[in-house]
Number of protein chains: 2
Amino acid sequence: MPGINEVAQLAGVSTATVSRALSGNGHVSEATRERVHAAALELGYVVSSHASALATGRMKNVGVVIPFLNRWFYGAVLEGAESALLSHGYDLTLYNLSGGGDERASVFEHFLLRKRVDAVIAIALELTEAEVGRLHDLGKPIVGVGGTMEGVPTLSIDDIGVARLATEHLLALGHTVIAHIGGNKDSEMDFHVPSKRRVGYEEALVAADITPDPELFEAADFTLQGGYAAAKQLLGNPRKRPTAVFAASDEMAIGTILAARDLGLNVPGDVSVIGVDDHELSDFFGLSTVAQFPALQGRMAVDMLMDQLKPGHREISATNTALPFELIVRSSTARQV
Amino acid sequence: MPGINEVAQLAGVSTATVSRALSGNGHVSEATRERVHAAALELGYVVSSHASALATGRMKNVGVVIPFLNRWFYGAVLEGAESALLSHGYDLTLYNLSGGGDERASVFEHFLLRKRVDAVIAIALELTEAEVGRLHDLGKPIVGVGGTMEGVPTLSIDDIGVARLATEHLLALGHTVIAHIGGNKDSEMDFHVPSKRRVGYEEALVAADITPDPELFEAADFTLQGGYAAAKQLLGNPRKRPTAVFAASDEMAIGTILAARDLGLNVPGDVSVIGVDDHELSDFFGLSTVAQFPALQGRMAVDMLMDQLKPGHREISATNTALPFELIVRSSTARQV
DNA sequence: GTGAAAGCGCTAACAC
DNA sequence: GTGTTAGCGCTTTCAC
């Protein structure tokens, strides 16, 4: 493993010059620059990141904390963040907090704080004040995605607005008996997403002079299976069958479409279905949905972080930035006749 | 940010003792151990990983290279690897190679080699000899998952055996006209998985004295949509409709089930369907499958790596270890009457 | 434009 | 069991 010394020797310059030539910091004549690069290439030299990190205090590495890895949405956010980070020359150190609570404590105590990362992106995870404080004490910027956090710049979607938009679409089509499949206690994640979506749903109904009916609400766990079971309950009710269903996630909406089929109901003839996400399968199922753009979310988080990591921008404006969303109408929703 | 010096001062010992007490290497009296820990806690001290990495040469960090993030299978492998790594006190630095070819070169040149990682786990990615050589020159162990690689210990499933098992299940149920949905050129990933599965399928047929019929093969891209389209072709053929379909992935198998429904065919009454993976949705669809256990694969890869990272075990036995798989019979396969 | 040298914060011999 | 000290491999003033 060649070190900077070997390169310096081969190029006939000092290690300082090698450092300058390779990092681009400081002035080096074009001629020596080339000589150094050639020498480095010949020796297959690569800087030792710890040595340079030790000398500069910068790691070029950001920690990403995320609650799930094998769910489409989170995978997509992660993918967006990873490629953005890579293009900025940063590594991404992954911390998956799907396990229990002590795993979380351990990640914070033993990993994030070891100054191995320059900054942290928290996805769909609400950090405690203590966690935020600890990180900030160490001078590490944080960006949150998926909800707001005191003292932390965040990126989050207007979940109430998303739900209202979906519900309004159904209302505009003439539906009045609109059911909602939302979250249960377990899926009431860190930012109360399920609750907010239910609020948006109810707001839209009220705005249309319809009183929300608790019987038209079913809780599920945001999975296809859960949506299927919930939809069976809703659509199987002979007394009060909804003509439309707004599911808080596309996976649950797809479960709803499948349940409708199994009950002999036609979508959208007998029942309209709309979800949230624009899941990779939504197009296949012709599901109308309110798209959020997870990969974009990951990329935006990285951009925000890069701003904060720039030497100048020291004052963090700990505000929330709204994430875009968009109604996509496919064939699962139709006018109520 | 307190350093080891402050802790040493507060505890009234030398920095060496602090290091020993905190890392557990070397002997320290119980009394001072406690004093040091108390001091560290009071100051909120955490070791600087770069400083210790520079001093020891160990980073406690492994790089994971993976081709996809938002596909269930890969997410699950990653999840298994992440939690195993965490429990060994290692960080996981993620490199997603879903992008183009230059992204791959860049990851190797600029990231993996910066000695930020102690080792590399390559998932479903066949490293070139040059890549392996470069890594080994730097003294970094590698473990491969999903296929074999010259000079690298690997973990991989017997794809031919998997396919044979699935096909034999169908044969044993009395099916003789068995179609196969395999991969297309694009999905012919690094280890020729689709080709191997097709070979296994054909071997099983031949062993049962059935001549593989090219007309009963359709290529798809391993997605649900792709499987659906392929199945439509196969099951829509009025002249030679198969009574069973073996899909090379569960997602394609689920697509097949959906296609059968849309064609008015009953599964398993009219057509039996079997896949590979044991995808999270397979149980819901009653899909018979040959399970592979992605999270376990991730964990096993980490275990192999830890063995190699142990001081003693310097000689790498670059052999392949077979991964377990298992037939799971659900309701999508039945006796051909 | 380039070199010399002083660290960055820790660990690991080596003494005691 | 504990302290002293010499690096680990870079970056970055400060001279020249």
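Scope of the values below: all heavy atoms of this structure, side chains included, with no hydrogens, waters or symmetry mates. Just so it is clear: chains get the letters A, B, ... in the order the sequence lines come, proteins before strands, and each one is counted from 1.
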Grab the [atom1]-[atom2] distance between [X] and [N] for me, whole Å please.
| X | N | atom1 | atom2 | result |
| --- | --- | --- | --- | --- |
| B:N5 | C:dC10 | CG | C1' | 9 Å |
| B:L54 | C:dC10 | CG | P | 12 Å |
| A:M59 | C:dC10 | CE | P | 14 Å |
| B:H27 | C:dA12 | NE2 | P | 14 Å |
| B:K60 | C:dT11 | NZ | C1' | 15 Å |
| B:Q9 | C:dC10 | CD | C1' | 16 Å |
| B:I4 | C:dC8 | CD1 | P | 14 Å |

- Message: When you measure from the centre of the six-membered ring of A:F68, is the NZ or CZ of A:R71 closer than 6.0 Å and no more than 45° off the axis?
- Response: yes

- Task: Kindly point out which of C:dA12, C:dC10, C:dG3 is positioned nearest to the side chain of A:R20?
- Result: C:dG3

- Would you indicate which nucleotide in C:dA5, C:dA12, C:dT2 comes nearest to any side-chain atom of B:R58? C:dA12

- Note: chain B reaches DNA chain D at heavy-atom distances under 4.0 Å over the stretch, first to last nt, 5' to 3', of D:dG1 to D:dG9

- Message: Are the side chains of B:L125 and B:L97 in contact, using a 4.5 Å heavy-atom criterion?
- Response: yes

- Item | pair B:V143-B:Q308: side-chain heavy atoms closer than 4.5 Å | yes

- Task: Please work out if B:V18 contacts a base, only the sugar-phosphate, or nothing of the nucleic acid, heavy-atom cut-off 4.0 Å.
- Result: nothing

- Name of the residue among A:T321, A:T148, A:N320 meeting side chain to side chain donor-acceptor pair (under 3.5 Å) with A:T154: A:N320

- Message: Quick check: closest heavy atoms across B:Y45 and B:I4, and the distance to 0.1 Å?
- Response: CE1-N, 3.5 Å

- Task: Provide the closest heavy-atom pair for B:M59 versus B:R116 in the form atom of the first, atom of the second, distance.
- Result: CG-O, 2.7 Å

- Query: Hey, is the side chain of A:T32 poking within less than 4.0 Å of OP1 or OP2 on C:dT2, counting only N and O atoms?
  - Reply: yes

- Give a yes/no on whether any side-chain N or O of B:S48 is located under 4.0 angstrom from OP1 or OP2 of C:dG9. no

- Upstream residue (5' side of DNA chain C) when A:E30 and A:T15 are each assigned their closest nucleotide: A:E30

- Task: Find which nucleotide of DNA chain D each of B:A51 and B:V28 is nearest to by heavy atoms, and output the residue with the more 5' nucleotide.
- Result: B:V28

- Is the base of C:dG1 touched by the side chain of A:R33 through a donor-acceptor pair closer than 3.5 angstrom? no

- Could you tell me whether the side chains of B:T93 and B:N61 share a donor-acceptor contact shorter than 3.5 Å? yes

